[in-house]
**Q** 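This is the structure, below, for whatever I ask next.
The basis for the numbers below is simple: all heavy atoms, side chains too, and nothing from hydrogens, waters or symmetry mates.
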Amino acid sequence: MRREKGLVLGVTTVAITLLLAACGSSGSKNAGSTDTVSFSTTDVISTMDPALNTDVIGAQALTDTMEGLYRYEGKTIKPAIATKVVKPTNNGLTYTFPLRKDAKWSNGKAVTAEDFVYAWRRVVDPKVGSQYAYIYEGIENAAAITSGKQPVSSLGVVAKDKHTLQVTLEKPIPYFSQLMTSSTFFPVYPDAVKKAGKSYGTNAKTLVFNGPYKLSGWNGPDSAWKEVKNTNYWNAKAVKVKTLKYQVVKDPSTALNLFQSNKLDRTNISGDTAKQMKNDSHYSTQQQAATFYMQVNQAKNPIFKNAKIRQAISMTINRKELVNQVLGDGSAPVASLTPKGMSFDPTTKKDFTSELNAEGKKNTTYNPKEATKLWKEGLAETGQTGKTFNYTLLGDDTDTAKKQAEYLQDTLEKNLPGLKVTLANVPFKTRLTRSDNGDFDMVVSAWNADFPDPITFLDLFVTGGDNNNGKWSNPEFDAQIKASKTENANNDKARWQNLIKAQDIMNKESGVIPLYQSGRAYLTNSSVKGLDYGPSGNYNNVSLYLKK
């Protein structure tokens, strides 16, 4: 999913009254009562509509309050509304899911196969406008429906009976089971959607839940919200924490104050605050299946179509210095869009990134002398020698994002003659809108894995891709991605090589300029246990508990 998914850099803003209340304390006491855990989060919930959500904030809220066919427990896929993890039949084209007969919505009504059919048809319906409709590609008629060539009723998903869901594919999807953990495939309660219309997902009153928790009193742009245990959840006995509280916090020092004054049980910190707390007993870091990267707008600025220009930009960046001195949050330099520790060769079990060509590492190694040389060669090849360029770098408006932008501005201007960089740090939602509209010269973007497979990153940058905002295009890259989805979909070894080759092409051309693999530094109350961070970048809070 797009779960740029809300990868806002740094923690976000809170009411001044809480800040004033935050005086020095150990942070060792539980922030709420013995049945409540309080978290900071990076932004508001944009929507609770599974068809429309595009960020990690909404994805986490949906994972807390809703449930699909499967759920991750650690790195293992477990049955959720489905009673088992099923194997496909018909040469990998048919999945038949038996559903739990005891699964209920929060209003007491049964969760049925028709609820899935209704929800999935909404995602691919062009009238709904889901940015994630593309993730359904491969399910029978999905692509034809999103392009307006087939009716939504032709989607290859049917309710064989009340508790049997059957899905038909046009081609095998090797990562189909992983997709079934994603919130884009969650069911919805049809009557709630029909009653709310376009307001569905904008406030708690429009929603009916089938997951571990229920949103309580949430009204769209709220900077704080509460989730209470859903007693109608089929697995309610396993849910040990009765209430989850989320508070949007923007400034790292504010986050620290709130934690130390027992207002938060777990909070993300960054920058100088993270460095300050590095030796604290409550401090920890967590590597994410997410990368931050730079896109340059080739449609707006044709100079960026030159590979040497893009390589020069990449080589001006000292990624070790960036993550250690600017971020300080456990992030790590990365040489490819696809992160380390996420996906592994089905034959050799080696990490995907370890099998990539050395070209990618070369183009992401700090080399200002070579960068200046390539920049000048690129200018000559494009007939731009001697000219000056004033480009705007678009990014988020958090404190850490601003410092990151200043660092990039300095190194680009210092090493690339004639380049002046103006900074535009804007709210996350504004940055997404401007990126989608092509209203940028350069932009720092991010992506968090929807499922642990390289395709979730690489598929973003095929020619014409919805998230390919820089408009980089390479026919051979496109061909490798296509082959991985078609003729080699059932051949693990050949498919893996398609993905390796695709990533190598992107790396060689610096089609997308990787910056770092996201890490997060946390302060966590010592009584909070069972934090289960899954491969898709969400916590399974069914596992959460408090040590008495």
**Q** Tell me yes or no: between the side chains of T54 and Q131, is some donor less than 3.5 Å from an acceptor?
**A** no
**Q** Start with the C-alpha distance between V152 and K127, add both sets of side-chain angles, then the distance that settles side chain to side chain contact (heavy atoms under 4.5 Å, CB included), and finish with yes or no.
**A** CA-CA 10 Å; V152 293; K127 294 179 181 178; over 6 Å; no
**Q** Do any N or O atoms from the side chain of Q60 and from the backbone of Y539 form a donor-acceptor pair under 3.5 angstrom?
**A** yes
**Q** Is any side-chain heavy atom of Y516 closer than 4.5 Å to a side-chain heavy atom of T364?
**A** no
**Q** Check whether the side chains of N468 and T463 place a donor and an acceptor atom closer than 3.5 Å, and report yes or no.
**A** no
**Q** Return yes if some donor-acceptor pair links the side-chain N/O of D396 with the main-chain N/O of A401 below 3.5 Å, else return no.
**A** no
**Q** Could you tell me whether the side chain of P535 reaches within less than 4.5 Å of the side chain of M342, counting heavy atoms only?
**A** no
**Q** Any idea how F116 and W120 line up, ring-wise: parallel (<30°), tilted (30 to 60°), or perpendicular (>60°)?
**A** perpendicular
**Q** Taking T411 for its side chain and T316 for its backbone only, find out whether a donor-acceptor pair lies under 3.5 Å.
**A** yes
**Q** Between S314 and R319, do the side chains contain an N or O donor and an N or O acceptor separated by less than 3.5 Å?
**A** yes
**Q** Indicate yes or no for a side-chain donor-acceptor contact from N363 to the backbone of E509 under 3.5 Å, with no hydrogens or angles considered.
**A** no
**Q** Which label fits F451 and Y175: parallel for a plane angle under 30°, tilted from 30 to 60°, or perpendicular past 60°?
**A** parallel
**Q** Taking all heavy atoms of T338 and all of T291, pick out the closest pair and write down the distance.
**A** C-CG2, 4.5 Å
**Q** Pick one: which of Q295, K305, Q298 meets side chain to side chain contact (heavy atoms under 4.5 Å, CB included) with W472?
**A** Q298
**Q** Answer yes if the side chains of E140 and T168 hold a donor-acceptor pair under 3.5 Å, and no otherwise.
**A** no
**Q** When you check the gap from the basic side-chain N to the acidic O, do E170 and K485 get nearer than 4.0 Å?
**A** no
**Q** For F461 and Y293, what are the C-alpha separation, side-chain angles and deciding distance, and is it a ring-ring contact (aromatic ring centres under 6.0 Å, His included)?
**A** CA-CA 12 Å; F461 295 100; Y293 51 92; 5.7 Å; yes
**Q** Can you see whether T348 engages E355 through a side-chain donor-acceptor pair at a distance of less than 3.5 angstrom?
**A** yes
**Q** When you measure from the side chain of N210 to the backbone of E67, do you find a donor-acceptor pair of N or O atoms at a distance under 3.5 Å?
**A** yes
**Q** For the backbone of D55 and the side chain of N53, can you confirm whether one donor and one acceptor N or O come within less than 3.5 Å of each other?
**A** yes
**Q** Between D459 and I455 (side chain of the first, backbone of the second, donor and acceptor by atom type, cut-off under 3.5 Å), is there such a pair?
**A** no
**Q** Any salt bridge between K308 and E377, counting N to O under 4.0 Å?
**A** yes
**Q** Please confirm whether the ring centroid of F352 lies under 6.0 Å from the ring centroid of W496.
**A** yes
**Q** Does NZ belonging to K508 count more than 12 external heavy atoms closer than 6.0 Å?
**A** no
**Q** Give the intermediate values and the outcome of salt bridge (charged side-chain N to carboxylate O under 4.0 Å, His left out) for residues R121 and E114.
**A** CA-CA 11 Å; R121 286 177 177 177; E114 283 292 351; 5.8 Å; no
**Q** If you count the non-hydrogen atoms of other residues, nucleotides and ligands that lie under 6.0 Å from NZ in K362, is the total more than 12?
**A** no
**Q** Would you tell me whether S331 and D329 have side-chain atoms, one donor and one acceptor, within less than 3.5 Å of each other?
**A** yes
**Q** Is it true that the side chains of E381 and N306 contain a donor and an acceptor less than 3.5 Å apart?
**A** yes
**Q** Any side-chain donor paired with an acceptor under 3.5 Å for T353 and D351?
**A** yes
**Q** Do L416 and I313 have side chains that get closer than 4.5 Å, going by heavy atoms?
**A** yes
**Q** Can any side-chain N or O of Q517 pair as donor or acceptor with the backbone N or O of V334 at less than 3.5 Å?
**A** no
**Q** So does I317 get a backbone contact from the side chain of Y407, meaning a donor-acceptor N/O pair under 3.5 Å?
**A** no
**Q** Using a strict threshold of under 4.0 Å (side-chain N to carboxylate O), is an ion pair present between D532 and R71?
**A** no
**Q** Salt-bridge test for K403 and E406: reply yes if a basic N is under 4.0 Å from a carboxylate O, no otherwise.
**A** no
**Q** When you look at CG of N437, are more than 12 heavy atoms from neighbouring residues, nucleotides or ligands closer to it than 6.0 Å?
**A** yes
**Q** Any side-chain to backbone donor/acceptor pair from D504 onto N357? Under 3.5 Å, distance only.
**A** yes
